[in-house]
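In listed order, ligands and their atoms are each counted from 1.
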Amino acid sequence: MTRRAVHRRPARDGRNLARVTAALAAGAFLLLATSANAQGASGAKTPRNVLVLFQEPPNIPMIVELNDGLRRVLQRAEGVSVFTEHLDLSRFSGPDFQEGLRRWLLAKYASLRLDLIVAVAPGAVAFATQPEPLWPGVPVVFCAVDDSFSPEFEQLPNVTGLVHHYPIRETMELALRLLPTARAFAMLGGASAMDLQWKKPLEAAASHLPADLRMVELFGLSMEETLKRLEGLPPGTPLVGVTFLRDGAGRQWTGPEVARALEPVAPGPLFTPYDFMVGRGAAGGVVLDFFKVGEEAGRMALRVLAGDRVTAIPVQRSASARVVLDARILERWGIPARRIPPDAEVRFRTLPPWKEHPWVTVSVGAALVLQGGLILVLLVERRRRRVAEAAAGESRAAVAHMNRVGSVGELAGSLAHEINTPLASIQNSARALRRLLSARGGDVDEDVKTNLGIIEGEGQRAGEVIRRMRAVLRRDPGRTARLDAAEVAGEALALAATQARQREVDLRLETSGESMSVDGDKVQLLQVLLNLVLNGIEAVSAQASERKKVSVRIFPSVGGIRLQVADAGNGFDPAARARLFEPFFTTKESGLGMGLSISRTIVEAHGGRMWLGDDPGGAVVNVELPVAPVHGPTRLKESP
Ligand code: ADP
């Protein structure tokens with residue numbers, strides 16, 4: 001596309017009527033618009049109509065981005081309606097086409113009061129303003145205009161806008177920084193007027209590059225020819241292009257399509273000054289961000305709509321250029337990271353996971369460390385528990401042994417008692433019989449005397465044996481020591497803990513808080529409490545979970561120190577209650593029936609007493625032990 005002349009041509013007759021009508025209508029609208037503008041600053045709700053004229057068709061990515069940015073800003077303003085037209089001037093040109101298009105647009109928008117025209121790219125600006133304004137009196141804001149075009153637009157009345165500098169030279173210099181050994185540089189462009197218009201700026205930029213670099217110009221060729229020429233270039237030759245809308249064979253192209261077509265044969269990466277091409281086949285460049293250009297144009301449009309006079313808004317220079325690169329393409333061409341400028345935005349970089357997601361990495365790392373620590377603690381804990389369980393097992397075995405020994409003692413005690421009485425009466429009877437026979441005198445058979453003597457003697461011997469056995473089985477007076485009742489109870493609960501855990505029973509120790517000392521044999525007292533607690537566990541193990549509770553309570557009582565073992569089971573069988581302390585009395589299938597009787601013997605040997613309590617919520621067994629005297633330990637009572 002060549003630059004448009006600024007001079008005014010006379011309007012052609014064919015469109016005079018439409019022009020005059022439009023001018024009159026626009027004049028009337030202008031009056032309205034001016035008064036509306038006067039209110040505009042205060043009355044934001046007045047409906048406003050904005051017509052956006054794009055030079056290019058809507059499928060070009062830069063147009064999509066610019067339109068997005070523009071609409072994003074305009075739609076935020078209340079009461080603004082946006083109308084869009086794509087003039088397609090790069091593909092369709094000629095005075096007849098433009099004339100037809102003008103007429104058609106005037107007719108289309110005749111019934112609408114336009115408040116502002118936004119013209120995107122030089123062709124659209126010229127279309128709306130030259131040779132004279134298409135909608136006279138309607139302000140025009142332009143954008144996407146290279147600064148080489150701006151002088152001619154800056155002079156137009158009622159027109160302002162944004163210009164920017166296409167960073168073509170900067171893009172080419174960036175390419176050489178990344179590929180310092182390149183011996184050639186290919187400049188690409190299509191065959192449309194718009195495409196050819198970039199030839200000069202590219203050549204101008206190339207004149208600043210090192211003189212020994214071979215510049216290859218590929219403009220206006222068919223795509224086929226372009227590819228063939230590229231194939232002949234030395235490997236590592238970078239390519240640069242601005243637009244390629246139509247090739248020499250008349251085929252239409254978009255930027256991403258061109259990049260895809262070049263890829264198989266290109267001798268080096270493609271650089272362009274368009275942000276949207278990064279990620280669509282280009283290695284990158286010093287790029288313009290057209291979304292931002294659209295936003296900037298939108299903000300300027302809002303100022304005009306709000307009533308700012310166009311003459312008061314100077315043409316602005318957009319500053320949205322920056323280095324953007326596609327890491328995947330740099331990698332494909334073996335470009336090392338150290339050549340990338342420090343201020344570059346590198347997209348699609350595959351960072352190591354800890355750099356890409358630092359917080360996730362830190363969290364996962366912390367979780368692993370925590371988990372490791374936890375596993376270690378659990379392992380240590382498990383070992384400790386095993387050691388403790390082994391120790392508890394030994395203690396339980398010791399208590400069980402004590403129980404067995406106690407049972408034998410208890411059994412022997414009752415046997416001795418039962419045998420002693422008949423034995424004594426046998427002896428007495430034998431003695432009485434011998435005396436009777438001696439008193440009668442006369443002939444008493446010596447054999448009878450001898451046998452009576454034997455009965456007496458053997459009876460005595462049997463009595464002796466029983467007495468000795470009772471002496472042997474007499475309960476060991478115990479290793480008396482001063483004990484803390486709560487400590488002993490705690491140990492008994494620890495010994496029962498494994499069984500409680502297996503049966504999911506909750507064990508509790510409830511103390512009144514003060515220290516209570518007793519004198520006694522620790523193992524024997526442990527034996528008593530363990531018996532009672534195990535009975536409790538057994539009593540609740542078939543209960544619902546909320547009743548699976550066994551408590552040992554310790555509190556001072558009138559008679560000394562009270563230890564109570566309570567459970568939430570079914571309580572004592574009322575029919576059996578009176579016999580529960582009898583040796584060998586049990587209501588359990590595999591019970592021995594010695595626990596309660598041995599326990600009571602031990603408690604009594606400690607000077608205490610033991611009895612069953614009444615509790616509607618389960619079973620209670622009471623043990624009362626004397627408080628340890630202030631001076632010296634008490635000796636345990638000897639059992640019978
Ligand atoms: P064993 O437990 O071997 O039966 P014990 O002398 O310890 O021997 O208990 C005797 C009986 O007393 C038990 O068979 C049971 O009927 C009753 N008994 C003991 N403790 C409880 C308790 N906590 N709840 C209900 N009954 C109990």
Side-chain angles (χ1 to χ4, degrees), residues 395-415 417 475 488-489 492-493 495-510 523-554 562-606 608-625 639-640:
S395 304
R396 267 199 308 279
V399 172
H401 177 72
M402 291 287 290
N403 261 350
R404 276 195 299 277
V405 172
S407 306
V408 173
E410 207 72 14
L411 184 60
S414 50
L415 259 180
H417 181 71
R475 191 166 293 284
V488 178
L493 289 178
L495 287 172
T498 314
Q499 286 221 25
R501 205 167 35 243
Q502 280 164 359
R503 298 182 182 208
E504 296 174 338
V505 174
D506 186 19
L507 297 184
R508 279 196 201 158
L509 177 63
E510 297 166 19
V523 177
Q524 287 181 5
L525 290 179
L526 270 178
Q527 191 183 349
V528 170
L529 287 171
L530 189 64
N531 270 331
L532 301 181
V533 171
L534 290 179
N535 272 348
I537 291 175
E538 240 172 297
V540 296
S541 55
Q543 300 291 340
S545 63
E546 66 274 10
R547 295 187 64 183
K548 286 189 163 189
K549 286 181 187 129
V550 176
S551 316
V552 177
R553 302 177 193 132
I554 305 174
R562 178 83 68 85
L563 292 113
Q564 239 179 17
V565 180
D567 63 64
N570 292 332
F572 302 108
D573 178 358
R577 195 177 165 108
R579 302 188 56 201
L580 297 184
F581 283 107
E582 279 180 22
F584 301 112
F585 182 84
T586 179
T587 58
K588 300 172 190 167
E589 256 176 46
S590 56
L592 192 60
M594 292 302 293
L596 289 181
S597 83
I598 291 172
S599 299
R600 184 150 74 176
T601 309
I602 293 172
V603 170
E604 284 171 358
H606 280 74
R609 59 194 187 103
M610 181 170 164
W611 70 102
L612 305 179
D614 290 309
D615 190 335
V620 178
V621 182
N622 293 292
V623 169
E624 197 166 63
L625 294 170
S639 63

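- The closest protein non-hydrogen atom to atom 19 (C) of ligand 1 is N535 ND2, 3.6 Å.
- Cation-pi contact between R600 and F581: present, with separation from the ring centre below 6.0 Å and deviation from the ring axis of at most 45°.
- Contact of the S599 side chain with the M610 side chain is registered, since non-hydrogen atoms from C-beta on lie closer than 4.5 Å.
- Contacts between D567 and ligand 1 below 4.0 angstrom, taking non-hydrogen atoms only, involve the side chain exclusively.
- Checking L596, T586, V533, N531 against atom 4 (O) of ligand 1, the nearest heavy atom belongs to T586.
- The protein atom (non-hydrogen) at minimum distance from atom 26 (N) of ligand 1 is F572 CD2, 3.5 Å.
- Looking at F585 against ligand 1, only its backbone comes within 4.0 Å, counting heavy atoms.
- Here R503 does not pair with E538 in a salt bridge; the nearest charged N to carboxylate O distance is not below 4.0 Å.
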Q.
Run Q499 and L534 through side chain to side chain contact (heavy atoms under 4.5 Å, CB included) and show every step you take.
A. CA-CA 8 Å; Q499 286 221 25; L534 290 179; 3.9 Å; yes
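- Distance from atom 14 (O) of ligand 1 to its nearest protein heavy atom, with residue and atom name: T587 N, 2.8 Å.
- Protein heavy atom closest to atom 25 (C) of ligand 1, with residue, atom name and distance, is G571 O, 3.3 Å.
- Between G591 and ligand 1, no pair of N/O atoms sits closer than 3.5 Å.
- Here's the thing with L592: one of its N/O atoms is less than 3.5 angstrom from an N/O atom of ligand 1.
- A salt bridge links R577 with D614: the closest approach of a Lys/Arg side-chain nitrogen to an acidic carboxylate oxygen falls below 4.0 angstrom.
- Inspection of the Q543 and D567 side chains reveals no N or O donor paired with an N or O acceptor under 3.5 Å.
- Taking 4.0 Å as the cut-off, L580 counts as a neighbour of ligand 1 on heavy-atom distance.
- In this comparison of G595, G593, S597, the heavy atom closest to atom 1 (P) of ligand 1 sits on G593.
- A donor-acceptor contact shorter than 3.5 Å is absent between the side chain of S551 and the backbone of R553.
- Atom CG in L507 sits 12.0 Å away from atom NZ in K549 (nearest 0.5 Å).
- For K548 against E504, the heavy-atom pair with the smallest separation is CD-O, 3.3 Å.
- At the top of the distance list for atom 2 (O) of ligand 1, counting protein heavy atoms only, stands K588 NZ, 2.8 Å.
- Considering both main-chain and side-chain atoms, A619 never comes within under 3.5 Å of ligand 1 through any nitrogen or oxygen pair.
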